[in-house]
Amino acid sequence: MTEIPSSVLVVDDEIQIRRFLRTGFELDGFTVMEAETGAEALRSATLKPSDLVILDLGLPDMEGADVLERLRAWSSVPLIVLSVRASETEKVRLLELGADDYVVKPFGMAELLARAHSAMRRQLRSSRGEPVVKFGPLSIDFTARAVFINDQRVTLTPKEYRLLQILAQHSGNVVTHQFLLREVWGNDHVEDTHYLRIFVRKLRRKIEADPTQPCILLTELGVGYRLVSSDPVPSAQTAAAPKSLAQ
Amino acid sequence: MQRELRGIGIVLLWVAATTVFAMLLRHYLGILRGAVLYLIPVMFAGYRLGVLPALVAAIAGVILSGYFFFSQFYTFQVASPQEALNLVLYMFVAVVFSHLASSAKKHTEIARQREQQMSDLYAFSRRLAMASDTADIFVAIQNHLANLVQRKVVLLGAADAGNATDVPESVRAGVSHVESDEGLERTVDDGKGDIWLIRRVSPKTPDFGLVAVDLGTVSGKALADMRQRIDDALSDAAATLERLDVARAINEAKMRSETELLREALIGSVSHELRTPLASILGAATILSNAPALAHDKRLQALTGLVRDEAERLNNDIQNLLDATTISRQQVRPQLQWVEPVDIVNAAVEHRRRRLAGHPVKLDLDSNLPIVRADPAQVEQALVQILDNAAKYSADGSPIRVAARPNGHSVVLSVHDSGAGLTAEERRQIGGRFFRGPRHAAITSGSGLGLWIANAFIKANGGTVEVESEGAECGTTVSIHLPISTEAAPLETTIDD
């Protein structure tokens with residue numbers, strides 16, 4: 001897809017999983033590196049930074065959360081967590097620690113790739129600053145702070161706009177309730193999920209064709225919200241992804 | 001002795017009262033043969049106080065009736081031989097009466113005690129039989145002993161037995177002494193004036209552990225009496241423990257708890273061991289289905305789809321097993337949060353998109369439902385089970401209607417199918433674990449866990465699951481009723497923009 005292939009570091013102790021992930025990513029044009037343990041993953045990420053990390057949580061040597069935390073201390077590389085359907089609380093914790101998204105095992109390759117591309121696109125976008133982003137019928141003009149549905153301008157309240165803006169910045173990836181509450185209402189309201197429920201309902205009435213069948217602003221039950229992936233901007237396809245996103 | 005004197009005193013008072021009463025009867029009503037009334041205190045004395053007071057009452061009664069009620073009145077002389085015979089007869093009846101009364105009392109007493117003992121023993125053996133681990137058994141033994149001895153009893157020494165902390169520090173030293181020295185028993189002063197008796201529950205086996213009995217502040221003969229009583233009670237208890245085969249119960253309980261641990265470990269590892277290959281099978285299948293080499297061969301496409309569906313089904317079965325284990329271990333702990341009911345429905349339908357593919361799914365969702373307090377993952381899982389059933393037990397192509405509506409104080413999520421339906425009898429049984437009606441078993445395979453899981457999750461969230469059907473082949477409606485929280489759900493207008 002890109003002229004210089006993107007690289008992915010797959011961290012999983014199960015060889016079968018690594019094997020199918022390798023094939024899946026290679027078919028999608030990635031070069032694949034593998035790590036079996038948390039320690040190996042951290043070493044690999046330092047020596048040969050990749051454009052994407054896929055991190056399994058059940059590693060033999062370290063807690064997945066520890067690997068994530070230590071990696072995030074110096075790197076903002078897009079990272080997707082592979083989790084078993086454990087608790088929603090655990091997923092939220094990993095997202096708060098800086099994972100860009102998660103997929104629940106077992107998962108389809110297409111789903112993982114979609115999440116991965118969204119996370120990588122966000123990196124790219126934040127480095128290039130696109131003024132207008134489209135999500136199907138919805139488009140957001142960040143410079144004018146204006147929102148359009150099928151080119152019709154929609155009036156949003158400042159908080160609704162802020163909510164949409166944050167989701168759009170992470171489009172394609174999940175954003176936790178806590179993050180949204182903190183960003184929109186401030187630290188005092190991190191527990192007030194009902195604010196969010198009601199605002200999302202209002203926002204959906206304005207941007208969704210059928211608010212009970214949302215196609216743009218999706219719910220991740222118990223975790224947060226996800227705005228659908230933005231439509232690819234033609235120029236993003238040809239531009240090479242930055243080789244290393246490690247700072 | 002003192003008790004008996006007191007008894008005699010009481011009896012004499014009763015006799016005196018009877019005399020006064022009989023005199024009154026004679027004076028006002030002209031009843032001359034009041035002597036028969038003396039049988040009443042005799043009988044009472046026999047029943048309540050024992051033989052001796054009863055005899056005293058009888059003799060007093062004879063003397064007093066001789067004095068008051070036989071001519072000559074107010075002398076101890078009796079006029080005719082007839083009257084003398086009367087008196088002797090009276091005395092005989094009185095003695096027999098008192099004896100009968102006192103032995104009847106004794107019998108009732110014994111019967112009552114025996115009944116109490118039997119019911120105690122029954123309760124004890126029931127507890128033993130139901131004990132899930134050794135600690136349970138030892139608590140039962142401890143309570144049983146405390147019941148018999150009527151003092152504070154602490155069971156010690158045996159593995160997992162009672163709480164050593166229930167025994168004062170100073171007594172514990174004595175405990176280890178008895179532990180190391182077989183068959184010995186000791187009394188120890190706990191330093192606060194209480195005497196503790198420490199001995200083995202059974203002299204034959206250490207299996208039942210040691211008991212420490214708080215004798216209280218006693219000394220001398222009272223102490224010896226109490227020790228005798230406790231010894232008797234304990235040897236009874238030890239015999240009971242042997243007869244009930246408590247040693248085996250203890251071993252079995254140990255094995256049970258080990259089995260439980262093993263089972264948990266097994267389920268944990270099986271689910272992990274099965275899920276890892278499943279994840280790679282499913283992942284690989286999704287890659288294959290998009291592979292250009294297979295893209296134009298419909299049959300191969302169908303095959304990869306099959307692999308994927310079956311892997312997903314297996315994964316759901318594993319999830320059901322795990323859920324069932326959680327439920328039967330009573331570890332369903334909902335994490336309540338404010339949830340948009342419509343979100344739950346959408347997530348569940350999305351989760352089962354592939355499975356519902358053969359049915360037109362009609363969604364009828366109220367966009368203005370109150371938000372509810374619930375664990376979204378559990379409610380979704382419950383709804384998924386219900387959707388599964390709807391898809392399973394209705395013909396391909398028949399519609400499934402999913403609705404979310406308010407109803408009084410609850411939000412109702414319902415799934416309606418036009419499938420196999422339920423007879424009244426099936427409706428009564430459905431929801432039991434592993435229940436599958438024969439008609440349903442004939443349609444498709446399944447574990448019979450689905451509705452049971454749904455029910456357990458919804459119950460844990462404070463809601464109910466209701467099943468309605470007009471009868472066989474008339475379709476089924478299963479609905480989840482979630483209570484609308486009494487915590488004032490915030491109104492849209494109360495939050496500022």
Side-chain angles (χ1 to χ4, degrees), chain A residues 12-21 23-28 56 58 82 84-85 87-89 103-113 156-160 177 185 189 191-202 204-205 208 210-214 218-223 225, chain B residues 271-272 275-292 308 311-312 314-315 319 322 335 337-340 342-351 363-369 371 373 375-381 404 485 487 489-497:
Chain A
D12 199 307
D13 60 323
E14 301 284 348
I15 183 161
Q16 309 93 307
I17 304 269
R18 288 205 307 275
R19 206 178 278 159
F20 103 71
L21 285 179
T23 313
F25 275 111
E26 280 178 355
L27 283 173
D28 200 56
D56 187 295
L82 307 183
V84 287
R85 195 200 87 151
S87 71
E88 267 57 35
T89 348
V103 288
V104 179
K105 279 186 187 173
F107 53 87
M109 196 62 210
E111 187 190 5
L112 175 61
L113 285 172
L156 299 184
T157 67
K159 284 215 166 74
E160 284 167 354
H177 299 138
W185 282 276
H189 296 283
E191 298 304 318
D192 298 338
T193 15
H194 54 274
Y195 281 33
L196 209 48
R197 298 282 173 243
I198 284 156
F199 262 75
V200 165
R201 199 183 268 191
K202 289 164 109 180
R204 276 175 177 162
R205 281 183 196 148
E208 298 279 2
D210 177 358
T212 67
Q213 292 294 297
L218 311 175
T219 302
E220 288 289 324
L221 267 193
V223 178
Y225 291 98
Chain B
S271 71
H272 178 75
R275 282 187 148 179
T276 303
L278 260 182
S280 28
I281 291 171
L282 199 81
T286 59
I287 295 173
L288 283 177
S289 62
N290 287 333
R308 196 174 161 181
E312 256 168 25
L314 207 50
N315 183 56
Q319 186 59 49
L322 287 175
Q335 305 205 316
Q337 49 174 270
W338 290 107
V339 198
E340 167 76 71
V342 167
D343 284 347
I344 296 180
V345 176
N346 285 328
V349 171
E350 174 61 25
H351 227 121
L363 293 172
D364 174 13
L365 310 176
D366 188 329
S367 65
N368 228 343
L369 288 173
I371 56 176
R373 288 285 282 173
D375 183 316
Q378 287 176 2
V379 178
E380 189 216 348
Q381 186 58 23
S485 176
E487 268 177 73
L491 294 168
E492 302 190 16
T493 47
T494 60
I495 302 166
D496 65 303
D497 283 344

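By convention in this document, chain letters (A, B, ...) are assigned in the order of the sequence lines, proteins followed by strands, and residues within each chain are numbered from 1. Values below: every heavy atom of this structure, side chains too, minus hydrogens, waters and symmetry copies.
Closest non-hydrogen pair, A377(B) versus E88(A), comes out as CB-OE1, 3.5 Å. The two atoms that bring P106(A) and A279(B) nearest to each other are CB-CA, 3.7 Å, heavy atoms only.
Atom-to-atom distance recorded for L221(A):CG and E350(B):CD is 11.5 Å, nearest 0.5 angstrom. In this structure, N290(B) CG and L113(A) CG are separated by 9.0 Å, a value rounded to the nearest 0.5 Å. Of the inter-residue distances, the one linking W338(B) atom CH2 with L196(A) atom CG reads 14.0 Å to the nearest 0.5 angstrom. Considering CZ of F107(A) and CG of N315(B), their distance stands at 12.0 Å, rounded to 0.5 Å. The structure places NZ of K105(A) at 5.0 Å from OG1 of T276(B), a figure rounded to the nearest 0.5 Å.
For E340(B), the parts lying near chain A are the backbone and the side chain together; criterion is any non-hydrogen pair under 4.5 Å. L322(B) does not touch chain A: none of its heavy atoms, backbone or side chain, sits under 4.5 Å away. Contact annotation for F25(A): neither backbone nor side-chain heavy atoms come within less than 4.5 Å of a heavy atom of chain B. Heavy atoms closer than 4.5 Å to chain A are found in both the backbone and the side chain of L365(B).
In this view, D366(B) satisfies the side-chain hydrogen bond (donor to acceptor under 3.5 Å, both in side chains) rule with no residue, not counting sequence neighbours. Judged as a salt bridge (Lys or Arg N to Asp or Glu O under 4.0 Å), and not counting sequence neighbours, the contacts of R204(A) are D343(B).
Other residues, nucleotides and ligands contribute over 12 non-hydrogen atoms within 6.0 Å of the CD atom of E111(A).
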For N368(B) and R201(A), run side-chain contact (heavy atoms from CB on, under 4.5 Å): C-alpha distance rounded to whole Å, both residues' side-chain angles, the deciding distance at 0.1 Å, then the answer.
CA-CA 9 Å; N368(B) 228 343; R201(A) 199 183 268 191; 3.7 Å; yes
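With no hydrogens or angles considered, no side-chain donor-acceptor pair links S280(B) and E14(A) at under 3.5 Å.
Here N346(B) is the residue among V342(B), D375(B), N346(B) with the most heavy-atom pairs under 4.5 Å with chain A. For the options R19(A), E220(A), M109(A), H177(A), heavy-atom pairs under 4.5 Å to chain B are most numerous at M109(A).
Side-chain atoms of T212(A) and L363(B), non-hydrogen and from C-beta on, never get closer than 4.5 Å to each other.
The main-chain N or O of I371(B) is never found under 3.5 Å from a side-chain atom of R197(A) such that the two would form a donor-acceptor pair.
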